[in-house]
Amino acid sequence: MRTRNIFFFLLMASLVLTGCETLKASKAIIPIKEYEKMIAGRLDANYIGTRTCLSACHFHDKIKQDFDASTMGVQLSRKMNLPLVDCESCHGPGSLAVEGLTPEKVAEDARAGKQTACDYKTLIDLKTLPAQAKSLICLKCHTANATFNLHNWNAGTHAVSDVACSDCHKVHAGSDLKVELQHMAEMCDKCHLTTKAEFSLPSHHPVPEKRVFCNDCHDPHGSINEKLLRKPTVKETCTQCHAEKEGPFAFQHAENTEDCRTCHSPHGSPNNNLLTTPPPFLCLQCHAGHRTGPLTSAENRAARNTRCSDCHSTIHGTDIPSASGKGRFIQ
Ligand code: HEC
Ligand code: HEC
Ligand code: HEC
Ligand code: HEC
Ligand code: HEC
Ligand code: HEC
Ligand code: HEC
Ligand code: HEC
Ligand code: HEC
C-alpha cells in the first residue's frame with residue numbers, strides 16, 4: 001500500500017514537472033537583460049552624433065528633415081542644442097557604419113552613377129528584433145514617469161502579444177510621431193479585421209465616419225481594465241458620452257445597472273440601435289410577452305409582437321411611474 005502511494009506520488013510529481021517544462025518552452029520569456037543586450041549595438045562602435053552620421057550623405061535628408069520637425073527631434077536635438085535624441089538613440093552607435101565614408105568618396109561614387117551606402121549592418125538590426133526589444137528602445141526614454149499613459153504598458157495586451165511601439169508609431173513616416181485621430185481606425189484595422197467588419201454593419205458607432213475614435217473607449221498603451229478599456233466598467237465607458245443613460249433613476253431597469261452589453265454590441269450590429277438581438281426577441285429572452293387590451297384588437301397584437309419599446313420607451317430607466325404606480329418604463 002505504502003509503496004503504491006510513493007509510486008503514485010512520483011508519477012504525479014513527474015507529470016507536474018514535465019507540465020511546467022512544456023509551459024516554459026511554449027512561452028519564450030527571456031530576462032530583460034537579454035533584450036537590453038540586443039539593443040546595445042556593437043560594443044566596438046562609438047557614438048558620433050547625427051550631424052557626423054549624415055554629413056557625407058544626403059540619402060537620408062528626408063528622414064532627417066521630418067525628424068527635425070517632430071516633437072522628439074526638434075525639442076532636444078536642434079533648438080536646444082542638447083543632442084539627446086539622435087539617429088543613434090534608436091539605431092545604435094554609428095562610427096563603424098560611416099568608417100571611410102568621406103564627401104570625396106560619395107562624390108566619386110556619384111560620378112560613377114553609384115549611391116554610396118553606409119555599412120548599416122553594423123547598426124542595430126531593428127527590423128528583426130523581437131517586439132519586446134524594439135519597445136525597450138523607446139522605453140529607455142519614454143518611461144512611465146516621462147510618458148504617463150505608458151504606466152500600464154507592460155501589463156497590457158499589446159505588449160504581451162508581441163506588438164511593438166513602432167508597429168503603431170511609424171517613426172519615419174513623417175514628422176507627426178503621434179497617431180493622428182484621422183488615421184487611427186485604419187491603423188488599428190490592419191491587425192483587427194473582425195473589428196473592422198463590425199464597424200461596417202448597418203448600425204455602428206460612427207468610427208468610420210471619424211466622429212468617434214478607438215481611443216475614446218480603449219487605451220492602446222495598456223490598461224488595468226478588461227479589453228484595454230479606459231474606464232473600469234463598460235457602463236462607465238459608455239456613459240462618458242451617453243450620460244443620460246447613467247441614472248440613478250427612481251425606476252431603473254434591472255439590467256441597466258452594470259453592463260450595457262446585455263442589450264448592445266459596442267462596435268456594431270445588424271440590428272437598429274446596436275442591439276445584440278432584434279426586439280421583441282431581445283426582451284422575450286427575459287420577459288414573457290403580454291396583452292395590454294382586448295385580445296381581439298389586431299393593433300394590440302401587432303404592437304406587442306413588434307417593438308416593446310414603442311410603449312416601453314424609457315427602457316434604460318425613468319423617474320416617472322406608470323399608470324399602476326410602478327416602474328414600467330412607459331414614459
Ligand atoms: C525613435 C527611434 C528612431 C530614431 C531617433 C531614428 N530612427 Fe530610423 N528607424 C527606427 C525604426 C524603429 C526603424 C525600423 C522601421 C521598421 O520597423 O520598418 C527605422 C528605420 C530606419 C531606416 C530604414 C528605413 C527603411 O524604410 O528601411 C533608415 C534609413 C533610418 N531609420 C534612418 C534614420 C536616421 C537617418 C535617423 C536620424 C535622423 C533615424 N533613423 C532616427 C527608429 C528610429
Ligand atoms: C533618446 C530618447 C528617446 C527615445 C529612444 C525615443 N523617444 Fe520618443 N520622444 C522623446 C522626447 C524627448 C520627446 C519629446 C517630449 C515628449 O513629448 O515627451 C519624444 C516624443 C515622442 C512622441 C510624440 C509625443 C507628442 O506629444 O507629439 C512619440 C509618439 C514618440 N516620442 C514615440 C517614440 C517611439 C515609438 C520610440 C521608439 C521607436 C521613441 N519615441 C524613442 C525621447 C525619446
Ligand atoms: C496599438 C497601437 C499603439 C502602440 C503599440 C503604441 N502606441 Fe503610442 N499611441 C497610439 C495612439 C493611437 C496614440 C494617440 C492617441 C492617444 O493619445 O491615445 C499614441 C500616442 C502616443 C504618445 C503621445 C502621448 C501623449 O500623451 O501625447 C506617445 C509618447 C506614445 N504614444 C509612445 C508610445 C511608446 C513609447 C510605445 C511603446 C512602449 C507606444 N506608444 C505604443 C498607439 C499606440
Ligand atoms: C464606443 C466604445 C468603443 C469604440 C469606439 C471602440 N471599441 Fe473596441 N470595444 C469596446 C468594448 C466595450 C469592448 C468589449 C466588448 C466585449 O467584451 O464584448 C471592445 C472590445 C474590443 C476588442 C476585443 C474584442 C474581443 O472579442 O476580444 C478589440 C480588438 C477592439 N475592441 C478594438 C477596437 C478598435 C480597433 C476600435 C476602433 C476601430 C474600437 N475597438 C473602437 C468599445 C469600443
Ligand atoms: C500590429 C498589430 C496591431 C495593431 C496595429 C493594433 N493591435 Fe490591438 N491587438 C493586437 C494583438 C496581437 C492583440 C492580442 C490578440 C487579440 O486579442 O486579438 C490585440 C488586442 C487588442 C485588444 C483586446 C485586448 C484584450 O484584452 O483582449 C484591443 C481592445 C485592441 N487590441 C485595440 C487596439 C486599438 C484601439 C488599436 C489602434 C490604436 C490596435 N489595437 C492596434 C495587435 C494589434
Ligand atoms: C466618445 C463618445 C461615445 C462613447 C464613449 C459611446 N458612444 Fe454611443 N454613440 C456616440 C455617437 C456620436 C453616436 C451617434 C449618434 C448619432 O448618430 O446621432 C452614438 C450612437 C449610439 C447608439 C445608437 C446607434 C444607432 O444605430 O443609432 C447606441 C445604442 C450607443 N451609441 C450605445 C453606446 C454604448 C453601449 C456605448 C458603450 C459601449 C457607447 N455608446 C459609447 C458616441 C459615443
Ligand atoms: C435591457 C436592454 C438594454 C440595456 C441594458 C441598455 N439598453 Fe440602450 N437601448 C435598448 C433599446 C431596446 C434601445 C432602442 C430604444 C428604441 O427603440 O427607441 C436602446 C437605445 C439606446 C440608445 C440610442 C437611442 C437613445 O435613446 O438615445 C443609446 C445611446 C443607448 N441605448 C445607450 C445605452 C447605454 C449607454 C447603456 C448602458 C448604460 C444601455 N443603453 C443599456 C436597450 C437597452
Ligand atoms: C437580460 C434580461 C433582460 C432583458 C434582455 C430585458 N429585461 Fe426587462 N427586466 C429584467 C429584470 C431582471 C427586471 C426586474 C424584474 C423585477 O424587478 O421583478 C426587468 C424589469 C422590466 C420591467 C418592469 C417590470 C416589473 O415587474 O417591474 C419592464 C416593463 C421591462 N423589464 C421591460 C423590458 C423590455 C421592454 C425589454 C426589451 C427592450 C427588456 N425588459 C429587456 C431583465 C431583462
Ligand atoms: C401597446 C403598448 C405595449 C407594448 C407593445 C408592450 N407593452 Fe409591456 N406594458 C404595457 C403597459 C401599459 C403595461 C402596464 C403598466 C403599468 O403597470 O402601469 C406593461 C407592463 C409590462 C411589464 C410588467 C407587467 C408584467 O406583465 O409583469 C412587462 C415585464 C412588460 N410590459 C414587458 C413587455 C415586453 C417584453 C414587450 C414586448 C414583447 C411589451 N411589454 C410590449 C404596454 C405595452
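Quick note: numbers below take in every heavy atom, side chains included, and nothing from hydrogens, waters or symmetry partners. Read the numbers this way: they start at 1 and go in the same order the structure lists the ligands and their atoms. Because the structure is predicted, anything quoted here is derived from the model rather than measured.
- Under the 4.0 angstrom criterion, atom 20 (C) of ligand 1 counts as having a protein heavy-atom contact.
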**Request:** Begin with the C-alpha distance, continue with both residues' side-chain angles, and end with the deciding distance and a verdict on side chain to side chain donor-acceptor pair (under 3.5 Å) for T233 and E236.
**Result:** CA-CA 5 Å; T233 63; E236 280 172 75; 3.3 Å; yes
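- Heavy-atom contacts of K235 reach the following atoms of ligand 7: 38 (C) (cutoff under 4.0 Å).
- For atom 8 (Fe) of ligand 1, a protein non-hydrogen atom is found at a distance below 4.0 Å.
- In L275, the part holding a heavy atom less than 4.0 Å from any atom of ligand 7 is the side chain.
- Remark: ligand 1 atoms within the under-4.0 Å shell around heavy atoms of F67 are 5 (C), 38 (C).
- Aromatic ring centroids of H267 and F199 lie under 6.0 Å apart.
- Linking Ile, Leu, Val, Met, Phe, Trp and Tyr residues whenever their side-chain heavy atoms come within less than 4.5 Å places I30 and I124 in a single cluster.
- Considering each of G247, S313, C263, S309, the one bringing a non-hydrogen atom nearest atom 43 (C) of ligand 7 is C263.
- Atoms of ligand 2 lying under 4.0 Å from any heavy atom of C138, numbered from 1 in the order shown and given with element: 34 (C), 35 (C), 36 (C), 37 (C), 38 (C), 39 (C), 41 (C).
- Between T262 and T276, the closest heavy-atom pair is O-OG1, 3.6 Å.
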**Message:** As a quick check of understanding, evaluate side-chain contact (heavy atoms from CB on, under 4.5 Å) for L126 and I137, giving each step before the final call.
**Reply:** CA-CA 10 Å; L126 287 174; I137 293 180; 3.3 Å; yes
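- Residue C260 touches ligand 7 through backbone and side chain together, judged by heavy-atom distances below 4.0 Å.
- Residue H142 counts as close to atom 8 (Fe) of ligand 2, with an N, O or S atom under 2.8 Å.
- The shortest heavy-atom contact between A131 and A164 is O-CB, 3.7 Å.
- The pair K105-E99 does not meet the salt-bridge criterion, since no charged nitrogen lies less than 4.0 angstrom from a carboxylate oxygen.
- For the residue pair V234 and E226, the shortest heavy atom distance occurs at CG2-OE2, 4.0 Å.
- Of all the heavy atoms in L282 and L275, the pair that sits closest is CD2-CD2, 3.9 Å.
- For the residue pair Q252/H316, the side-chain donor-acceptor check at 3.5 Å is not satisfied.
- At a threshold of 4.0 Å, the pair E34-K37 counts as salt-bridged, since one of the basic side-chain nitrogens sits closer than that to a carboxylate oxygen.
- Note on atom 8 (Fe) of ligand 1: protein N, O or S atoms under 2.8 Å away count 2, no waters included.
- Checked by atom type, the side-chain pair N272/S203 shows no donor-acceptor distance below 3.5 Å.
- For atom 23 (C) of ligand 1, no protein heavy-atom neighbour is found at a distance under 4.0 Å.
- The shortest heavy-atom distance from T147 to ligand 2 is not under 4.0 Å.
- Classified by interplanar angle (parallel below 30°, tilted 30° to 60°, perpendicular above 60°), the ring pair F329/H253 is perpendicular.
- Close N/O approach between T239 and ligand 7 is not found [any backbone or side-chain N/O within under 3.5 Å].
- Considering backbone and side-chain atoms together, T262 places no N or O closer than 3.5 Å to any N or O of ligand 7.
- Taking only nitrogen or oxygen atoms, main chain and side chain alike, D259 does not reach within less than 3.5 Å of ligand 7.
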**Evaluation steps, side-chain contact (heavy atoms from CB on, under 4.5 Å), between I48 and E88** = CA-CA 8 Å; I48 52 174; E88 293 166 297; 3.4 Å; yes
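- When hydrogens are left out, the protein atom nearest atom 29 (C) of ligand 1 is H60 CE1, 3.1 Å; that is the closest non-hydrogen contact.
- Side-chain contact check for D109 and T116: at least one donor-acceptor pair (N or O, by modelled atom type) lies under 3.5 Å.
- Near H253, the atoms of ligand 7 lying under 4.0 angstrom from a non-hydrogen atom of the residue are 1 (C).
- Atoms of ligand 7 lying under 4.0 Å from at least one heavy atom of I315, given by number and element, are 10 (C), 11 (C), 42 (C).
- The shell of residues lying under 4.0 angstrom from ligand 1, judged by heavy atoms, includes D86.
- Interface of S89 with ligand 2, defined as ligand atoms under 4.0 Å from a residue heavy atom, comprises 1 (C).
- In this model, no donor atom of one side chain and acceptor atom of the other lie less than 3.5 Å apart for S89 and D86.
- Atoms of ligand 2 lying under 4.0 Å from any heavy atom of H169, numbered from 1 in the order shown and given with element: 29 (C), 35 (C).
- Under 4.0 angstrom from ligand 2, there are no non-hydrogen atoms of S166.
- In this structure, of C141, A164, S70, C168, the residue bringing a heavy atom nearest to atom 4 (C) of ligand 2 is C141.
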**Message:** Working note: T128 + D125, criterion side chain to side chain donor-acceptor pair (under 3.5 Å); need CA distance, chi angles, decisive distance, verdict.
**Reply:** CA-CA 6 Å; T128 58; D125 185 3; 2.7 Å; yes
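- Put simply, the side chain of H205 reaches to within 4.5 Å of the side chain of L274, judged on heavy atoms.
- Close approach of ligand 2 to I137 is summarised as follows: ligand atoms under 4.0 Å from at least one heavy atom of the residue are 5 (C).
- Taking every heavy atom of C165 and a limit of under 4.0 angstrom, the matching atoms of ligand 2 come to 35 (C).
- Hydrophobic clustering keeps V207 apart from M184 (ILVMFWY residues linked when any side-chain heavy atoms are closer than 4.5 Å, directly or through intermediates).
- Summary of contacts: the protein heavy atom closest to atom 16 (C) of ligand 1 is K127 CE, 4.1 Å.
- Which parts of ligand 7 touch N273 is read off a 4.0 Å heavy-atom cut-off, strictly below it: atoms 14 (C), 17 (O), 23 (C), 24 (C).
- Of all the atoms in ligand 7, the ones that sit under 4.0 Å from a non-hydrogen atom of C238 are 35 (C).
- At a heavy-atom distance under 4.0 Å, only side-chain atoms of H264, from C-beta outward, approach ligand 7.
- With rounding to the nearest 0.5 Å, the separation of CZ in F213 from CD in E180 is 11.0 Å.
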